Amino acid sequence: MNAILTAIGYQSWILHALIWLPVLGMGLVLWVEEERAKTVAFWWSLGVFVLSLGLWWVFDPNSGAMQLQTSAPWIPAWGINYSLGVDGISLFMVLLTTFTSVAAILGSFNYVKQRQRAFYALMLMLEAAVVGVFCATDLFLFYVFFELSLVPMYFIVGIWGGERRIYAAIKFFLFTALGSLLMLVGILYLFFKAKALLGVPTFAYADLLQVPLTLHEQIWLFSAFALAFAVKVPIFPLHTWLPDAHVEAPTPGSVVLAAVLLKMGTYGFFRFVLPLFPGAAMQPTVVTVMLTLGIAGIIYTAWVAAVQPDAKKLVAYTSVAHMGFVVIGVFALTVNGLQGGLMVMISHGLSTGALFLLLGMMYERRHTRLIDAFGGIGRVTPWFATAFVITALASIGLPGTSGFVGEFLALLGTFETHKIMAGFAATGVIFAAYYMLPMVQKVFYNPLDKPESRAMKDLSHREIAILAPMVALMILIGWYPTPILRRMEPSVRAVIERVESATPAATATSEPSTAPAPNPTTDLAEAREPSAARRSPGEAVDASPGTRDHGAHDAAHPMTRTTS
Amino acid sequence: MTLDFSRNLDYFWALLPEIVLSVWAMVVLVAGVSGRHRPGQRTDSEGDPDFGQGATLGWLALAGILVAGFFNGWLYGVTEVGHTSMIAVDHFRLFANWIFLLAGALAILISFSYVYRQRLQVGEFYGLILLAITGMMFMAAARDLIVIFLGLEVMSISVYALTAFNRRDRKSGEAGLKYFLLGAFSTGFLLYGIALVYGATGSTNVVAIGASVANGTARTGLLTVGIALLTIGFAFKVSAVPFHMWTPDVYEGAPAPVTAFMSAAVKAAAFVAFLRVFLVGFDAATTYDIWYPIMWWLAAITMVVANLIALVQSNVKRMLAYSSIAHAGYLLVALTAANATAAAGMLFYLLVYTLMNIGAFAVVIAVSHQSEERLQIEDYAGFGWSNPLLGVLLTIFLLSLAGFPGTGGFMGKIYLLQGAADSGLWVLSVILVLSTMVSYWYYLRVAWFMWMREPVSEGQHDLVTAPLPMRLALVASVALILYMGIFPSSALGFAQASVHGLGSLGGGLLGLRP
């Protein structure tokens, strides 16, 4: 496979293609007639996704550095380059983005009836911007994509959304813009320092990493960056835009919002906040505050979710809870924690994305999202119920689903450094069952007493085609996460090493719980443990026909064995 | 060619664009009176209306701008002996001239059908626009406070007349009178400031003032008051808070193409002169200490207040008026920073601002049926879906005004922020981005009315047309905005190079402040 990809020069053009092909597709969608727009958009995004799959093979899993780097001068006077690259952190985000875009576009065939060309054009523009965010290795370029992703989402929510769509759209826009504008000042400050230090203007990520900052500066810059990403994640007190945006957004908008837009925030913590400001990130106060906010998000939103009558709002709140796990994983500052955070991001993208799709399908059939309005439709729609239950369980984090791997690792990582905090966070898993399962029961397994519900149709072929790969991936990752973890690990380890090496002073004064640096070897073993324990069942799943990443795992196997 | 101003004739060459333009203004004026067709008498029922004599005069005025532009380009090959003459021949001036000429050309292009439908006196209208541009070009060229004053008066009186131009519209007359009275008042401040600065330094030449300030022969007390009065005079012209009171009323009352023209060009002219006087004349560290806090507060208050008041405007012209005040605030940040980056940033921003603001006004004129109706924000409900092209254009202009990536407005803002960063103005930078964030609300409000609301009635927007000249202006400005937003390098380099002439004066322009 690698040989074929190299033969077509895949490594040199793929990242450009992933950004610019959707832009091209945007023009195409606007050009064809209204009825064909959705078909064109679907095949186009599918093509982009298939192209992006090659990244799995060309990506070198043993390296934590940026790979497939390309760079071209964009604004030389300011030292701005159009430079792209992926590493173990962004690789899966890129794949998640291209995958989710296909699912969201396919999932909107029935939902979006008006102004289809504009809609699908905006979806493709969104895909381009988000891929750009995950691939940019120049802070200016990153900022440009980060802001650009706002515009299509603003219009998607505002034009095709529900009753209060304008309120939700503007709230979404202003909240996220507030953070990112302050980050812009932070980026310019870094740029200014780098120019003074290196003598040449530069926005390159690698150069800005070299800038020595005092702790005072780091705290300020950390605040600016963390605010930008915290709004996007969203972290607990800043999350209020999310339920509004989710409830009002059209189904595909919710799917993309949950699956990839939120990840831009957590990705920012991995990529920028920790490596650029390790001193601030290691501050015990900062760590405590961030962990507390993460846990507050997990517990608070779980309770709020439990009383929601509207299923979509319930799922929206669970997003905040899941992102809370990512936050604690990040600020546990251990390899396990970070890997767990990344796994939660992937798993949340799949499970919550699928949940929003399923809720959209429910809404298309019954025109309501109220949990009590359904009453046991599991009897008439068995496939629907099956897909929903598996997805809900993955969302809760049942062992054997993708949700478990991430949450377990995040909690494990937190436990290594902050035992009590981890204890509180772990209650979130219980609460997840507390809000999710009653919803499943009320919708699917209560007595079927509503006449409208009796006539509900089961999943169509198109809907099965959307959901099957997602459900399969949830189970597959749940049983056999090693190939993914293995690709993440070097990059995650690099982040941790950077954080720990850069701040001897900060660690010396920190509280005892953070002082003992985790032993790399035991760390590694622990990181592998959950996956290693399940290796044989994983292979069983892997061998079953019809799973999407079949070939990928076959290819990855021998290498996994040799390294572990 | 080398100009030596000891020969008086050489002033002729140095002022060639101005001379051409003022003569051309007379020609347009005379052609307007002597023409046989009265404006508005001829109509074609098919397609674009034939604007009659208006079109002839409009294209004639545009030709004048082209010729002036040609001579402006010719001046790039000219060097001057010494840098102390009354008239500067530096790239800074020439860059500013491009802005004025561009603003004038766009304003004329978007006014064809407006002038026709409102039955305005075309000859006078275009003649006054050309005269106003002449005044602006004098302001950009002036190295002497008296010349600045002359240029300011030529410009202002033309614009006063243009504001009151629609004599059938009472609002226009009211706006003209208001503008005239307050403008005259502020000119008094400026003139008195000039007198005091002359008293303190013994010269009205900016370079001589700079030398006098630098070697300490200037009288500090007199100079301080003079600087304060000059600041008030200029702040009025650039409409900085708290000297902005006239702006919303005048912008709302004036004929829309005039508003578009003056919100961009008058502001640019005032800023260019402001910059030259303060950065060349008052650039010594001791003097900077006098005006730095004034400018800092002016910038901060202007940004915050203008953006907050703009939030509640329901009239689009008024909203754009407050937006233009807010942009003056952003530009004042560059003035406060007082370094080469900031000066170049100001030039770049003025160029982008001219394009995006006139572009936005062009769509506003189209929506208001080339008259002064349908200016409420509700009138834009569903506009985007019935006129997708104009809708997309207005959205781009608004996003650019808001400073969104991919547009020239974003690059301009980054440039201003870089200038501020070079002088360490971090608090002001944060105020700038926070007020930008506030501005998102009112710019996006128009966008949401356009795209997210349904039209109030069927066929509400059927009468909206954009005739060919206006389409030309729209396409040109949107193309330039996107070009400067996506490939800004050439424009950035151009702005940067244009400031060099200013810096070579030996003043403390670079590294004035750590």
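Order of the sequence lines sets the chain letters (A, B, ...), proteins ahead of strands, with each chain counted from 1. All of these numbers come straight from a predicted model, not from anything done at the bench.
Proximity to chain B is absent for every atom of Phe146(A), based on heavy atoms less than 4.5 angstrom apart. Contact of Leu434(B) with chain A is made through the side chain alone, with heavy-atom distances under 4.5 Å. Only the side chain of Leu184(A) comes within contact range of chain B, with at least one heavy atom under 4.5 Å from a heavy atom of that chain. Only the side chain of Ile170(A) comes within less than 4.5 Å of a heavy atom in chain B; its backbone stays farther off. When heavy atoms are compared at a cutoff of 4.5 Å, Ser490(B) does not approach chain A at all. For a residue to count as touching a neighbouring chain, one of its non-hydrogen atoms must lie under 4.5 Å from one of that chain's; by this rule Leu150(A) touches chain B with the side chain only. The part of Phe410(B) that comes within reach of chain A is its side chain, from C-beta onward, which places non-hydrogen atoms under 4.5 angstrom from that chain. Looking at Ala77(A), the atoms closer than 4.5 Å to chain B (heavy atoms on both sides) all sit in the side chain, from C-beta outward. Contacts of Tyr189(A) with chain B are made by both backbone and side-chain atoms, with heavy-atom separations under 4.5 Å. Proximity to chain A involves both the backbone and the side chain of Leu444(B), based on heavy atoms less than 4.5 angstrom apart.
Looking at Gln496(B) and Phe348(B), their side chains never come closer than 4.5 Å, going by heavy atoms from C-beta outward.
Between chain B and the residues Ile166(A), Val185(A), Leu174(A), the most heavy-atom pairs under 4.5 angstrom are made by Ile166(A).
Between Lys193(A) and Glu217(A) there is a salt bridge, since a side-chain N of the basic residue sits under 4.0 Å from a carboxylate O of the acidic one. Ion pairing between Asp422(B) and Lys195(A) holds under the 4.0 Å rule for side-chain N and carboxylate O.
Taking all atoms of both residues into account, the shortest heavy-atom contact from Gly409(B) to Ser400(B) is N-OG, 3.1 Å.
Annotation: cation-pi geometry not satisfied between Arg115(A) and Trp160(A) (NZ/CZ under 6.0 angstrom from ring centroid, within 45° of ring axis). Cation-pi geometry between Arg445(B) and Tyr442(B) is not met: the NZ or CZ atom fails to fall both under 6.0 Å from the ring centre and inside 45° of the normal.
Remark: Asn387(B) CG to Leu394(B) CG distance equals 11.0 Å, nearest 0.5 Å.
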